[in-house]
Amino acid sequence: MTRGDIQVDVLVAGSGAAGLTAAITAAEAGLKVLVVESTGKWGGTTSISGGGLWMPVNPLMVRDGVRDSRAEALEYLQEAIGDAGPASSPERRAAFLDSGPDAVRLLGRLGVRWRRSPDYPDYYPDRPGGKTGRAIEVAPFDSRKLGPWYATSRARDGLPAPVMTNDVWLLTRAWSTPRGFVRGARFVFRTLGGIATGKRLVGMGGALACSLMHIVLRQGTPVWLSSPVDDLLVENGRVVGARVGEKEIRASRGVVLAAGGFAHHTEWRQRHHGIPGYSAAPEGDLGQAIDLGARLGARLELMDDAWWGAGTVNPGGGNGFVLSERSFPFSLVVNGDGERFVNESVSYIDFGHAMLANPGPCWLVSDVRQARRYLSTAILGRKKAFLRNGELVEADTLDALAWKIGVPPERLAATVERFNGFARDGVDKDFGRGRTVYDNYYGDPRVKPNPNLGPVEKGPFRALRLVPGDLGTKGGLLTDADARVLRDDGSVIEGLYAAGNTTASVMGRTYPGPGSTIGPAVVFGYRAARHISG
């Protein structure tokens, strides 16, 4: 093919929520768009995520009469994030809040079926401006609408069922609480209803990615798979396109980099994080887009951070992510010395930061009641494999368990005895577990007096090894309020935009609420396309 033989208005690199939203918004404005994806599967980390978007003052809250305001959200962001550098500047925070409702309305008008998660609280609900119910997600999507495109969807790697984020907190206790049982029955009927009507329903992040791709295909926007951007084309200091394999794509209006972070770039992870990385993100998360911007002098921020959380090393390779299990009663987390070091029920990023500050082996220790009462998504259907690879250990006594996991038995016994006293009194005097409604969200209301605390005293006992995992990296290209990539001196690299995990997060070093990754990804993908379209 000859030089410059492909001409578009906008080139989008990446097919997750950020990239697809940018493509949709630009196409809706009448621009000619091309989406390129570096791997053979589209959908990015979005497809295998929970699929929630943290969106204060969103249209669904307004519809339901739930009180929220821009001022409260700004106050909460300051309380939750603090001063985290230019990535979370006042201008970028305001842009996120101001454009969130517009992005939701646009995508809803084009076919995305939004739903609220009314019971899901912000992660610091006790701080000024904190709320419950700011998260939204997408209703289960019939993937048959995508035709042959579903065969290359990364959603197929996720949970193959029409489960929603708003289901998970109750499904994990489907056989231990009445509300859990009701939600479990509802989920079963939803699944059977889809089968009976010939639908192939997907939920959570898969539903979001599939809904967005359905719009992209309906708009007629071409999507190229296995097409990584090798280099950016620059003329007179402006990005005018990109080289993709043997092709040169000219993009007269701009290039949007939304190709994820560097979760699986082992060298970068070791350099910036001090660990090789135990990420649940897809294998294509190698930092190519960040490197492309850096070559042009883009400023990088928050490269030492990630969307941390407790992870697992899965049988057969790959990594898992531990969420609800940390909050279940009848369990606690100890380090290699057999001591607690954190409130087990805090938000996953805070838990991850605590793990990094306590290097070495870490174990989620529980008694038999946790295994019998609650669904563990971390080892679902793979218990025997986890036992074989030593990531899960069982023993009849705590003393025997301690020896098996290499923890001093006397220290573990003392830690558990102290913890059990807190469980009986209902107050965790060391770390305050169970103090907030967020802690309680994944607890068991039938356990009294604290739904997150239950004594660890009935064998057999279990220990699951935890590693500092993540949902993706948090650092990358610094962008302004319109998603334009900035140089070290604060000047704009004309024609170059970025969104999602390719950028340094507006959420700084924390995680204000459920969907604080995908929410900004959608908003800044939207804002990039709006700025490009003028």
Side-chain angles (χ1 to χ4, degrees), residues 171-177 180-181 184 310-316 320-342 344-345 351 355 360-425 428 430 433-434 442-448 450-467 469:
L171 288 179
T172 55
R173 52 179 193 256
W175 51 83
S176 61
T177 68
F181 177 80
T312 58
V313 177
N314 292 341
F321 199 75
V322 177
L323 180 56
S324 55
E325 291 88 345
R326 294 184 288 106
S327 287
F328 292 157
F330 316 112
S331 69
L332 73 162
V333 173
V334 299
N335 58 21
D337 295 324
E339 298 176 344
R340 292 178 72 211
F341 57 91
V342 67
E344 293 88 346
S345 299
F351 189 90
M355 289 187 72
C362 180
W363 299 89
L364 173 63
V365 177
S366 59
D367 80 7
V368 70
R369 286 170 295 183
Q370 191 190 85
R372 289 175 177 171
R373 295 187 186 188
Y374 314 117
L375 175 69
S376 173
T377 57
I379 61 174
L380 185 63
R382 298 175 294 174
K383 177 185 172 182
K384 291 182 179 179
F386 267 93
L387 287 169
R388 282 196 300 269
N389 72 1
E391 299 298 312
L392 181 67
V393 177
E394 292 185 329
D396 290 333
T397 67
L398 279 172
D399 188 72
L401 188 74
W403 284 111
K404 284 187 175 183
I405 63 177
V407 168
E410 68 281 358
R411 286 305 312 145
L412 181 61
T415 297
V416 170
E417 182 180 4
R418 180 172 176 82
F419 176 82
N420 288 350
F422 297 157
R424 295 185 185 97
D425 294 339
D428 177 5
D430 288 340
R433 178 174 169 185
Y442 287 113
D444 184 345
R446 301 214 308 178
V447 173
K448 306 292 184 181
N450 187 320
N452 296 97
L453 301 179
V456 178
E457 58 190 3
K458 294 184 181 295
F461 300 93
R462 172 185 291 182
L464 176 66
R465 188 170 80 95
L466 303 180
V467 295

Any donor-acceptor pair under 3.5 Å from Asp367 side chain to Glu457 backbone: yes
Val365 vs Leu398, side chain to side chain contact (heavy atoms under 4.5 Å, CB included): CA-CA, chis, key distance, verdict: CA-CA 9 Å; Val365 177; Leu398 279 172; 4.2 Å; yes
Nearest non-hydrogen partners of Glu339 and Thr415, listed with the distance: CA-OG1, 3.7 Å
Shortest non-hydrogen contact between Asn450 and Gly434, atoms and distance: OD1-CA, 3.6 Å
Distance (rounded to the nearest 0.5 Å) between Ser366 OG and Leu464 CG: 8.5 Å
Nearest non-hydrogen partners of Pro455 and Arg424, listed with the distance: CB-NH2, 4.3 Å
Residues Ser345 and Ser327: side-chain donor-acceptor under 3.5 angstrom: yes
Shortest non-hydrogen separation from Gly338 to Val407 and the atoms involved: CA-CG1, 3.2 Å
Interatomic distance, Lys384 atom NZ to Asn389 atom CG [nearest 0.5 angstrom]: 15.0 Å
Approximate separation, where rounding is to 0.5 Å, of Leu392 CG and Ile405 CD1: 11.0 Å
side-chain hydrogen bond (donor to acceptor under 3.5 Å, both in side chains) partners for Arg382, two or more places apart: none
CD-CG distance between Gln370 and Leu332, expressed to the nearest 0.5 angstrom: 10.0 Å
Test side-chain hydrogen bond (donor to acceptor under 3.5 Å, both in side chains) applied to Glu410 - qualifying residues, sequence neighbours left out: none
Side-chain touch Phe419/Arg433, heavy atoms, less than 4.5 angstrom: yes
Check: Leu401 and Val393 side chains under 4.5 Å, non-hydrogen atoms: yes
NZ or CZ of Arg326 within 45° of Phe351 ring axis and under 6.0 Å: yes
Asp396 CG: over 12 foreign heavy atoms closer than 6.0 Å: no
Nearest heavy-atom neighbours spanning Thr312 and Val467: N-CG2, 3.9 Å
Full working for side chain to side chain contact (heavy atoms under 4.5 Å, CB included) between Arg373 and Val447: CA-CA 11 Å; Arg373 295 187 186 188; Val447 173; 4.2 Å; yes
Side chain to side chain, Phe341 and Met355, heavy atoms closer than 4.5 Å: yes
Approximate separation, where rounding is to 0.5 Å, of Ser376 OG and Phe386 CZ: 8.0 Å
Minimum heavy-atom distance Phe422-Asp430, with the two atoms named: CE1-OD2, 3.3 Å
Arg411 vs Asp337 side-chain heavy atoms within contact, under 4.5 Å: no
Candidate pair Arg340 and Asp428, rule salt bridge (charged side-chain N to carboxylate O under 4.0 Å, His left out), full reasoning: CA-CA 11 Å; Arg340 292 178 72 211; Asp428 177 5; 2.8 Å; yes
Heavy-atom check, side chain of Lys383 versus side chain of Arg462, under 4.5 Å: yes
Leu364 side chain reached by Ser331 side chain, heavy atoms, under 4.5 Å: yes
CZ on Arg372 to CZ on Phe330, rounded to 0.5 Å: 12.0 Å
